[in-house]
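Read the structure below first, then the notes.
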Amino acid sequence: MDYNFGEIEPRWQNYWREHGVYHVSNGGAKPHYYVLDMFPYPSGAGLHVGHPLGYIASDIYARYKRLQGFNVLHPMGYDAYGLPAEQYAIQTGQHPAVTTEKNIARYREQLDKIGFSFDWDREVRTCEPRYYKWTQWTFLQLFGHYYDNTAGKALPISSLVERFARQGTEGLDAACTEALDFTAGEWRSWDEARRQQVLMNYRLAYLADTAVNWCAELGTVLANDEVVNGLSVRGGYPVERKLMRQWSLRITAYAQRLVDGLEQVDWTDSLKEIQRNWIGRSEGAAVWFPLDVKSNANVLPGAQAYMQQCDPQPVPSFEIFTTRPDTIFGVTFMVLCPEHELIDRITTPEQRQQVQDYVAWAKNRSERERQAEVKRVSGVFTGAYAVNPLTEERIPIWVSEYVLAGYGTGAIMAVPAHDSRDFAFARHFGLPIRQVVSVEKDAVSDPATWTESMDAKTGYAVNSGFVTGMKVKEAMKAVIDRIEEMGIGHRTVNYRLRDAIFSRQRYWGEPFPIYFKADRPYPIPEECLPLELPEVSEFKPTATGEPPLGHAKKWAWDTKTNTVVDCSAIDNESVFPLELSTMPGFAGSSGYYLRYMDPKNDEAYFSKEAVGYWQNVDFYVGGAEHGTGHLIYARFWNKFLFDIGMAVKEEPFQKLINQGMIQGRSNFVYRSKADTGLFISKGLIKDMNDVTAIHVDINIVDNDVLDIERFREWRPEFKEARFELEEGKYICGWEVEKMSKSMYNVQNPDDLVARYGADTLRLYEMFLGPVEQAKPWDTNGIEGVHRFLKKFWKLYDNSLTGQTSQAGPTKEELKVLHQTIKKVTDDIERFSLNTAVSTFMIATNQLTDLKCASREVLEPLVVLIVPFAPHIAEELWHQLGHEGSVCDAQWPVCDSQYLVEDTVKYPVQFNGKMRFTIDLPADSTQADAIAAVKAAPESAKWLTGEPKKVIFVPKKIINIVC
RNA sequence: GCGGAUAUGGCGUAAUCGGUAGCCGCGUCAGACUUAGGAUCUGGUUCCGAGAGGAGUGGGGGUUCGAGUCCCCCUAUCCGCACCA
C-alpha cells in the first residue's frame with residue numbers, strides 16, 4: 001500500500017477532534033508544562049509559510065513533553081484588535097468585527113490542516129467582551145494603584161489617600177510624574193478636584209498632558225515602539241510630537257525590576273540585551289547648578305531686573321543629570337532643551353528675541369526632520385549664567401535641540417573635552433574646551449589641536465581640583481561624595497524607558513471603563529464590566545476631530561443605574577460622557593497567557609487554583625521583533641498582577657526562543673529588451689543589460705524551472721510568449737527578498753499540504769535550518785523530505801505485509817534504534833530540530849538496509865516521530881495493532897549498552913609518549929581503557945608489546961609511554 | 001556612533017566536551033529497472049591534480065600534541081538602539 005497522506009491526514013485530524021485528544025485539564029498527578037506561541041493577528045492575507053514555523057517548533061516540543069509524561073498546556077488564540085481591520089472598515093464600511101471573524105475562520109482552517117495539538121477549548125480572542133472584560137479590569141486595577149518604592153511594589157491608591165491625610169508627602173517615595181511636597185493639613189484643605197489631580201500624579205494608569213507621537217495620517221497617537229525613524233511602523237506615515245491629554249501606564253515605575261528580572265529568565269543574550277538597551281539604565285549624579293543672579297551685576301542687570309518682576313520668582317538653581325560627575329571641572333557651558341520651563345525666566349532682554357525664535361523653530365520641527373539632521377549643530381545663548389558649584393566659575397547657559405526634554409532633567413552640564421556632542425557644539429560656537437581627563441597620568445595636550453573629544457571612561461583626572469590624579473572611577477565617586485556632602489546633588493539612576501501611552505484614537509480596540517465628571521476621569525464600577533464596544537455610524541474621526549467613538553449614539557454612563565445610556569441623556573448630574581479613546585494593541589496581548597489557564601472564568605481573570613497549578617509559561621516561541629513591545633509590556637503587566645496577588649511568578653515567560661523570519665525567494669524571468677515577446681533562459685543571457693528581469697509567480701516555477709504553459713496562462717500579455725531554452729528548459733533567476741504579494745513569492749502552506757501533506761510540511765520547515773535563524777523560504781528541498789516519509793512508510797509496510805523477515809531484533813537493529821532514541825531526545829532538548837529530522841532519515845536508511853521488520857524496533861520508532869509527523873505516526877501505530885491515540889504513548893527510553901563506541905579515534909605520537917583519544921562509557925576504569933587501546937586496530941602500528949606506563953585521564957585522553 | 005549576532009562545498013546545513021571537517025538533504029554526474037517517467041533503486045560528488053599527492057571552515061596572528069570550535073586584530077553581512085548627557 002502506498003503512503004496516501006491525502007487520506008490519512010484528514011482522517012486523523014477528525015479523530016483527534018472527535019475524541020478530544022488534545023483537551024487538557026488543570027490538575028492531575030502528572031507534572032505540568034506550559035508551551036506557548038505568540039498568538040497571531042488574523043490578517044486578511046491568511047497564513048504564509050513563515051507563520052507556522054514557530055508553531056510547528058513549539059508543537060513538536062509540546063508533543064514531546066506530553067509523551068514524556070507531562071500534562072502540557074498548549075493553547076492558541078487570536079490577537080484580534082488592530083489597525084488593518086479598521087483601515088479596511090474605513091475604506092469599505094465593512095464592520096471590523098465581521099472582517100475579523102472571517103479572517104479568524106480562514107486562519108483556523110489553515111492551522112487545522114497542519115495538525116497542531118492545540119487545545120481549542122481554551123481559545124481566546126482579545127476582541128470578545130468575555131476576554132476584554134479582564135483587560136479593562138486590569139486597567140482599573142492600574143488606575144487604582146500607585147508604585148511605592150519603599151515597599152518595592154504597587155499598593156492601593158486608597159492607602160496613599162490615608163497616608164496623605166495622616167502625614168502628607170512626608171517620607172513618601174513613590175513613582176510619580178512630578179515630585180510634590182505638601183502637608184496633611186494642605187491635603188485636608190483641598191477639594192475633590194485638587195485631590196484627584198494630585199492622585200493622578202501617582203496612579204499607575206494616569207491621564208496627563210503628554211508629549212505624544214501623533215500620526216495625522218492614522219489619526220491616532222502611537223507608543224514609542226510603534227514609531228521607527230519618525231515614521232509609523234504601520235503604514236510608514238510621518239509622526240510628529242504633540243502635547244495631548246492621554247492615558248499612560250507608569251511602566252517606568254517598574255524599570256529596575258524589568259532590568260533585574262532578566263537575570264532570572266532563560267532567554268538569549270541578544271534579546272536580553274535588546275531589552276536592557278531599551279530600558280536604558282544609566283547611573284550617574286543629579287547636581288543642582290545655582291543661577292548666577294546676585295554677582296556679576298554688570299553683566300546681568302537686565303536678567304536680574306526681569307527676574308525680579310517675575311511671578312513666581314525664579315528658582316535659584318536648576319538640576320542636571322550626568323553620568324560623568326568626574327568631569328565637572330571641565331564644564332564650560334550649560335545647555336537646556338528648548339522645552340525647558342526655565343528658559344523664559346532666565347533669558348536676558350537682549351537675547352529674548354533670538355531665544356524665542358529658536359524655541360519656536362525647534363518646536364515646529366517634525367520628528368523626522370529633527371532626526372534626519374542630528375549632525376547639524378544649532379543653539380542660542382540665553383544671556384544668563386550659572387555657577388559651577390565646585391569651581392565657583394561663571395558659565396554661560398545655552399539652549400539647544402540636542403538636549404532632549406524627555407530624558408533626565410532636560411538640562412546638561414556640557415564638558416566639550418569629553419563628550420562628542422558638547423565638543424561639536426563648542427567648536428561650532430567657539431566656546432572654550434578644557435581637558436580634565438588624560439589617558440596617561442598628567443599627559444595633557446591643547447584641546448584646540450584635537451579633532452574629536454575623549455569620551456572613554458578610562459584614564460586619570462587632570463586639572464580637576466581635589467580629584468586631580470585619581471583614576472576616572474575613583475574621581476566619579478569622590479565628586480559624588482563631595483556633592484552629597486555639600487547638599488547640592490546626589491547619586492541617581494536614569495532610564496531611557498518612557499511611560500507607555502495607552503490611548504488610541506481608534507474604534508477597533510478595548511473601550512476604557514472610564515467616564516468624565518467635571519472633566520475628571522472616574523472608573524465605572526468593576527462589577528459593571530465588560531463595558532462593551534458600542535456601534536458607530538462611521539469608523540472615521542468625527543467632524544470635530546474626536547475619535548470614532550464620538551459617532552456612537554449610546555455612549556454615556558448613568559451613575560444611578562450603572563448602565564450605558566444614550567448620549568442625549570448626558571446632564572452632568574448623574575449621566576456623564578464616556579471616554580472616547582480605546583486601548584492600544586498591546587493591551588489585549590499583555591495578559592493572554594494567563595487567561596489560557598482558565599479561559600471560561602467569568603468571575604475572575606483566572607482562578608487562584610489555575611494559576612497556582614500552571615504558574616507561568618515554561619516555553620515561549622515567537623519573533624524577536626516583539627523584544628521592545630509585547631515582551632516588555634507583558635512582563636510589566638505580569639509584575640503588576642504579581643504585586644496585587646494575582647500572578648504567582650514575577651516573570652511570565654521562563655524560557656523563550658525567537659524563531660527567525662522566513663524571507664521570500666523570488667523567481668525572475670528575463671525578457672529581451674530588443675524583442676519583448678522573447679524570454680531568455682538564465683544561462684543563455686550574455687549581458688544582463690539586454691534583458692528586463694520580471695518577477696514571476698513562484699507557484700508556476702519548480703526547482704527554478706519555469707512551467708511554460710502555466711506562464712502563458714498566468715497573464716494575458718504573456719500569452720504569445722516565446723522562449724530561448726537551455727536543454728529544453730527555461731531556467732529562472734532568483735533572489736532573496738521580503739515575502740510579499742507584489743513580488744509573487746508568497747508561499748501558501750495550503751498548497752504544500754495539498755501536494756505533499758502536513759507531515760512533509762512540518763518536517764521540511766524544521767529541516768530548513770535552525771529555528772532561530774532567519775532564512776529564505778526555498779521549496780527546492782521539500783522532495784527529499786517527502787521521499788523520506790515515503791521510505792519510512794515503506795519500512796513499515798514491508799514489515800506488515802511480511803515482505804521482510806519477521807525474526808526478532810538483531811543487535812544491529814537495536815543499536816540503530818537506541819542511538820536514534822538518544823540523538824532525537826538530545827536534539828529536541830537542545831531545540832535542534834533540523835538535526836533531529838536528519839537523525840530520522842539516517843535511521844530509516846539504516847533500518848531499510850537491514851531489512852528490519854521487528855516490532856521491538858518499529859514501535860518505539862513510531863513514538864519518536866510523533867512530534868514531527870503526527871499523522872503518519874498515528875496511522876502506523878494503528879496498523880501495528882494499537883488502540884487509542886499514539887499521543888498517549890510513552891516516550892521510549894534509551895538503553896546505553898547499545899551506545900558504546902570502542903574504537904580508537906585518533907592516535908598521535910609525541911615526546912616518546914602516545915596519546916589516544918577513545919570514546920568510552922563515562923564509568924570506564926583504567927583497565928577498560930588499556931584493553932580498548934590494545935583492541936583497536938590502529939594501535940598495532942603504534943604499540944609494540946605491553947605499554948610501560950599508561951596515564952588514564954577520565955573520559956578522553958590516554959598517555960602511553962612505550 | 002553604541003550594543004548584539006553571524007561567516008563552513010554549487011545550495012540549505014552538520015560536526016553536542018578542543019579530537020579523522022563536510023553528516024543529512026537539494027542539485028549534479030554515472031549506472032540499474034522501465035514502452036515511458038517530474039516514479040523507484042545503486043554508486044560518485046569540498047577544491048586543485050591524470051595520479052601520487054596537496055590545499056581547505058571570510059582574512060591575519062596566537063594558545064595547544066591537536067582549533068570550524070578558545071584568545072587578539074581586521075573585513076563583510078544581518079539585527080537592535082541611536083543627539084539618552
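To find a chain, count down the sequence lines: A is the first, B the second, and so on, and within it residues start at 1. Basis for what follows: all heavy atoms, side chains included, without hydrogens, waters or symmetry-related copies.
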**Study point:** Nearest-Å distance once atom P is located in both B:rG59 and B:rA76
**Key:** 15 Å
Practice item. Go through B:rG3, B:rG12, B:rU40 for me and flag the one nearest to the A:Arg787 side chain. Key: B:rU40
Practice item. Check every atom of B:rC24, B:rU16, B:rU42 against the side chain of A:Asp849 and return the nucleotide holding the closest atom. Key: B:rU42
Practice item. Looking at every strand, decide which applies to A:Asp422 at a 4.0 Å heavy-atom threshold: base, sugar-phosphate, or nothing. Key: nothing
Practice item. Ignoring hydrogens and angles, state whether a donor on the side chain of A:Ser453 or A:Asp419 is under 3.5 Å from an acceptor on the partner side chain. Key: no
Point to revise | Nearest listed nucleotide, side chain of A:Ile274, among B:rG80, B:rC81, B:rU16 | key: B:rG80
Exercise for review: Mind checking A:Glu783 for me? I need base, sugar-phosphate or nothing, with any heavy atom below 4.0 Å counting as a touch.
Suggested key: nothing
Check your understanding: Expressed in whole Å, how much space separates the C1' atoms belonging to B:rG4 and B:rA30?
Key -> 48 Å
**Study point:** Result of checking A:Val837, A:Leu833, A:Thr760, A:Ile782 against A:Phe767 for side chain to side chain contact (heavy atoms under 4.5 Å, CB included)
**Key:** A:Val837
Check your understanding: Among B:rA15, B:rA85, B:rG80, which is the nearest nucleotide to the side chain of A:Thr835?
Key -> B:rA15
Review point. Between B:rG4, B:rA15, B:rG3, which one does the side chain of A:Ser270 approach most closely?
Key: B:rG4
**Study point:** Distance between P atoms of B:rA36 and B:rG31 (Å, rounded)
**Key:** 15 Å
Review point. At under 4.0 Å between heavy atoms, what does A:Arg498 touch on the DNA or RNA strands: base, sugar-phosphate, or nothing?
Key: base
**Study point:** Span that lies between the P atom of B:rA82 and that of B:rA21, in whole angstrom
**Key:** 47 Å
Exercise for review: Convert the base pairs of RNA chain B into dot-bracket notation, remembering that pairs crossing earlier ones are written with [ ] and that bases paired across to another strand are shown as |; include only Watson-Crick or G-U pairs under 3.5 Å.
Suggested key: (((((((..(((......[....)))((((((.......))))))(((....)))..(((((..]....))))))))))))....
Practice item. Using the P atoms only, state how far B:rC47 lies from B:rG10, rounded to an integer number of Å. Key: 7 Å
Check your understanding: In whole Å, what is the span from the CG atom of A:Leu497 to the P atom of B:rC81?
Key -> 13 Å
Review point. What is the nucleic acid contact for A:Asn780, judged by heavy atoms within less than 4.0 Å: base, sugar-phosphate only, or nothing?
Key: sugar-phosphate
Revision key, fill the gap. A:Lys790 has its side chain closest, among B:rC24, B:rC41, B:rA39, to B:rA39
Practice item. Write down the distance separating the P atoms in B:rG44 and B:rG22, rounded off to the nearest Å. Key: 14 Å
Review point. Is the phosphate of B:rA82, meaning OP1 or OP2, less than 4.0 Å from a side-chain N or O of A:Arg496?
Key: yes
Review point. Whole-Å distance between B:rC79 P and A:Ile662 CD1?
Key: 16 Å
Practice item. Nearest whole angstrom, please: distance from the P of B:rA14 to the CE of A:Met841. Key: 14 Å
**Study point:** Atom pair distance, as rounded to whole Å: NE2 in A:His418 and P in B:rC83
**Key:** 23 Å
Practice item. Identify whether any heavy atom of A:Ser282 sits under 4.0 Å from a base atom; if not, whether one sits that close to sugar-phosphate; answer base, sugar-phosphate or nothing. Key: sugar-phosphate
Exercise for review: Kindly indicate whether the side chain of A:Lys823 and the base of B:rU16 share any N or O donor-acceptor pair separated by less than 3.5 Å?
Suggested key: yes
**Study point:** Atom CG of A:Asp266 with >12 non-hydrogen neighbours under 6.0 angstrom
**Key:** yes
Review point. In whole angstrom, what separates A:His428's NE2 from B:rC83's P?
Key: 19 Å
Check your understanding: How long is the line joining CD1 of A:Ile480 and P of B:rA85, in whole Å?
Key -> 14 Å
Check your understanding: Rounded to whole angstrom units, what separation is found between the OH atom of A:Tyr407 and the C1' atom of B:rC81?
Key -> 13 Å
Check your understanding: What is the nucleic acid contact for A:Leu404, judged by heavy atoms within less than 4.0 Å: base, sugar-phosphate only, or nothing?
Key -> base
Review point. A:Leu497 versus A:Trp278: any side-chain heavy-atom pair under 4.5 Å?
Key: yes
Revision key, fill the gap. Per nearest nucleotide of RNA chain B, the residue lying toward the 5' end, A:Glu273 or A:Ser838, is A:Glu273
Review point. For A:Pro776, which contact category applies under a 4.0 Å heavy-atom criterion: base, sugar-phosphate, or nothing?
Key: nothing
Study note, to complete from the structure: Per the glycosidic torsion and the 90° limit around 0, nucleotide B:rC17 is syn
Check your understanding: Would a distance-only check, ignoring hydrogens and angles, find a side-chain to backbone donor-acceptor pair under 3.5 Å from A:Asn213 to A:Leu222?
Key -> yes
Review point. If you measure from the P atom in B:rC24 to the same atom in B:rA14, how many Å do you get, rounded?
Key: 14 Å
Check your understanding: Using the ring of each side chain (for Trp, its six-membered ring), is A:Phe792 parallel, tilted or perpendicular to A:Phe788, with breaks at 30° and 60°?
Key -> tilted
Exercise for review: By nearest nucleotide on RNA chain B, pick out whichever of A:Lys775 and A:Leu271 is the more 5' one.
Suggested key: A:Leu271
Point to revise | Conformer about C1'-N of B:rG9 - syn within 90° of 0, anti elsewhere | key: syn
Practice item. Using atom CD of A:Gln275 as one end and atom C1' of B:rG4 as the other, report the distance to the nearest whole Å. Key: 14 Å
Practice item. Name the closest nucleotide to the A:Phe767 side chain, picking from B:rA14, B:rG25, B:rG80. Key: B:rG25
Exercise for review: Answer with yes or no whether the side chains of A:Asp2 and A:Asn4 bring together a donor and an acceptor at under 3.5 Å.
Suggested key: no
Practice item. Could you tell me whether A:Asn845 contacts a base, only the sugar-phosphate backbone, or nothing, with contacts defined as non-hydrogen atoms closer than 4.0 Å? Key: sugar-phosphate
Practice item. Report yes or no: do A:Arg665 and A:Gln747 form a side-chain donor-acceptor pair below 3.5 Å? Key: no
Review point. Should the ring pair A:Trp793 and A:Tyr3 be called parallel, tilted or perpendicular, given that the plane angle runs from 0 to 90° and is split at 30 and 60?
Key: tilted
Check your understanding: What is the nucleic acid contact for A:Val837, judged by heavy atoms within less than 4.0 Å: base, sugar-phosphate only, or nothing?
Key -> nothing
**Study point:** Which residues share a side chain to side chain contact (heavy atoms under 4.5 Å, CB included) with A:Arg710, sequence neighbours left out
**Key:** A:Ile700, A:Asp707
Point to revise | Below 4.0 Å: OP1/OP2 of B:rA14 and any side-chain N or O of A:Asn834 | key: yes
Point to revise | Pairwise C1' distance for B:rG19 and B:rA67, with rounding to whole Å | key: 10 Å
Study note, to complete from the structure: Quick note, A:Phe321 side chain, CB onward, closest among B:rA15, B:rA85, B:rG80 is B:rA85
Review point. Can you check whether A:Tyr358 reaches A:Ser378 side chain to side chain, under 4.5 Å on heavy atoms?
Key: yes
